[in-house]
Amino acid sequence: MELPIAYALAGAILIVSGLGGVLLSEHILRKIMALNILGSGVFLLLVTFAYRSPDSPPDPVPHAMVLTGIVVAVSATALALSLARHLLPPSKTPEKFPPP
Amino acid sequence: MILGLFDFLLALALVGLAWRILATSDLFQGVILFIVFGLLMAVAWSRLQAFDIALAEAAIGAGLTGALLLHTLAGMEQAAVPSPASNPAAPRFVAKRILTNGILGLLTLIVGATLLRCIREIKRPELGVRELVMEELSAGGVSNPVTAVLLNFRAYDTLLEMAVLLVAVVGAWSLGPLPTSDPRPTATAPGRILLGLVRLLSPIILLVACYILWAGTGQPGGAFQAGAVLSAAGVLLVVTGVLAPPTLGPLYQRALLLTGLVTFLAVSLGVMLAGRDFLEYPPASSPQLILLIESALMVSIAITLLCLFVGGPRSAPDNSRD
Amino acid sequence: MIVLLNEGLIHDAVATLCLVAGALFFFAGTVGLLRFPDVYSRLHALTKADNLGLGLIILGCALQADSWQIIGKLLLIWLLALVASTTSCHLVAQAAMRMRIEPWTRHE
């Protein structure tokens with residue numbers, strides 16, 4: 001059984017990119033997106049380790065962990081976005097939509 | 001061989017998208033690319049035989065997170081990048097920035113190297129608890145192994161996950177009203193086409209959510225995916241103004257929020273009254289209990305995600321009830 | 001009739017043809033997205049690709065389906081995608097009008 005090496009490497013690169021993005025980005029929205037990319041990389045790595053072969057079903061425990069992880073990630077993202085909204089005040093007027 | 005090429009291209013696309021998201025200077029473009037990234041991840045999950053995760057990623061990762069990001073982007077000042085107080089091109093600042101970026105970059109590379117070592121060393125895929133799960137599956141009450149793991153074998157994790165969702169809502173809403181808490185970014189009323197779409201989609205979404213919940217016992221699906229799909233209906237209704245955004249003041253709204261966690265706790269503590277352990281379902285009624293818990297979870301997750309999207313109470317003067 | 005032809009070579013060939021045609025429509029839509037001069041023509045290219053391309057792919061998948069329930073679900077997917085893409089095309093065009101984006105004309 002061959003480990004799907006393409007996805008494993010992609011997962012590792014996503015983790016590294018996400019971590020770099022979180023540490024080095026300036027805008028907070030980009031930090032939050034980088035955090036999500038980091039999470040997606042971790043999930044990709046986990047599911048790759050759970051993969052068996054195209055015919056036999058995969059290991060379900062990492063799948064359950066990743067499912068839990070996705071839900072927790074979205075709630076953390078929502079909380080972070082709420083904090084960001086309070087940190088950075090809104091635009092004065094919606095410039096893209098001039099009054100008709 | 002063709003599929004191997006497809007996997008390679010998909011992995012390349014994922015990495016390229018991630019790079020583009022982090023490198024582009026236009027945040028709107030970054031958010032749109034992030035939604036595309038989520039959808040490509042869903043395809044990758046399907047390739048890795050993780051269909052439950054593919055459903056969840058498409059609904060939650062691409063759909064809801066994308067909506068959250070767009071909503072936040074619309075509500076905050078675009079150019080609000082914290083800039084240094086004095087001249088950013090001064091040599092002191094440049095040197096400090098190079099040092100900081102260098103150290104952080106080095107840390108990141110060390111993490112990357114460690115990960116590559118791990119990938120090289122994982123050569124024993126026969127490890128893992130899949131066989132154990134398959135043996136106990138018939139006693140679990142459901143035939144979808146992921147649902148069995150989530151709701152039966154590792155039910156404690158799911159219980160705490162519901163608590164985490166609740167904490168997120170309480171945390172986001174205790175910050176007070178959002179600077180502009182009107183969920184509709186433009187003041188114009190929705191047109192007839194959009195209202196027609198909402199009228200068409202709402203019952204279909206409800207049906208699809210209930211189907212995903214029901215099918216989750218034997219096929220890919222389950223409470224989380226169903227709850228996310230249902231929350232999409234809620235977001236659609238709130239954004240077009242058909243439904244007033246939840247204020248979490250009335251008791252029934254708070255009750256809906258809590259129903260998942262409370263049902264889960266009631267079942268897990270209730271079985272102790274029958275002499276069993278915490279969260280040890282009696283095997284005879286295990287399927288019904290799991291379905292009951294999952295239904296309550298679906299409702300709670302939908303309301304929670306909708307409240308997370310709305311983001312906070314309205315900035316009305318009568319905020320006496322905290 | 002679908003059941004009768006399920007094993008034939010013609011059946012597989014027709015299904016493959018549908019899938020490839022759908023993919024070509026999506027490719028054309030992407031080229032349109034990248035090359036067309038303004039938002040309105042890009043929307044036109046995208047929704048054309050979305051409706052027809054997806055319809056052809058769904059047809060190809062339906063020909064390979066095992067039961068009527070799966071065909072029903074595939075049709076539902078196509079209808080929902082149709083409705084959603086039409087509405088979002090309309091909304092984007094409306095927003096572009098409100099932002100006073102002028103349609104591209106040949107003289108520019």
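Sequence lines set the chain letters: A, B, ... in the order given, protein chains first and strands last, and positions in each chain run from 1. Note: hydrogens, waters and symmetry copies are ignored here, and every other heavy atom, side chains too, is used.
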Q) Which residues from residues 29-62 of chain B are near chain C, with near meaning under 4.5 Å between non-hydrogen atoms? A) none

Q) Which pairs with one or both residues in residues 27-51 of chain C pass salt bridge (Lys or Arg N to Asp or Glu O under 4.0 Å), sequence neighbours excluded? A) none

What distance separates [X] [atom1] from [Y] [atom2], expressed to the nearest 0.5 Å?
X        : Y        : atom1 : atom2 : value
B:Ile193 : C:Ser88  : CD1   : OG    : 11.0 Å
C:Leu80  : B:Leu200 : CG    : CG    : 7.5 Å
B:Ile204 : C:Leu76  : CD1   : CG    : 6.0 Å

Q.
Within a 6.0 Å radius of atom CD1 on C:Ile10, are there more than 12 heavy atoms belonging to other residues, nucleotides or ligands?
A. no

Q. Would you find more than 12 non-hydrogen atoms of other residues, nucleotides or ligands less than 6.0 Å from C:His90 atom NE2?
A. yes

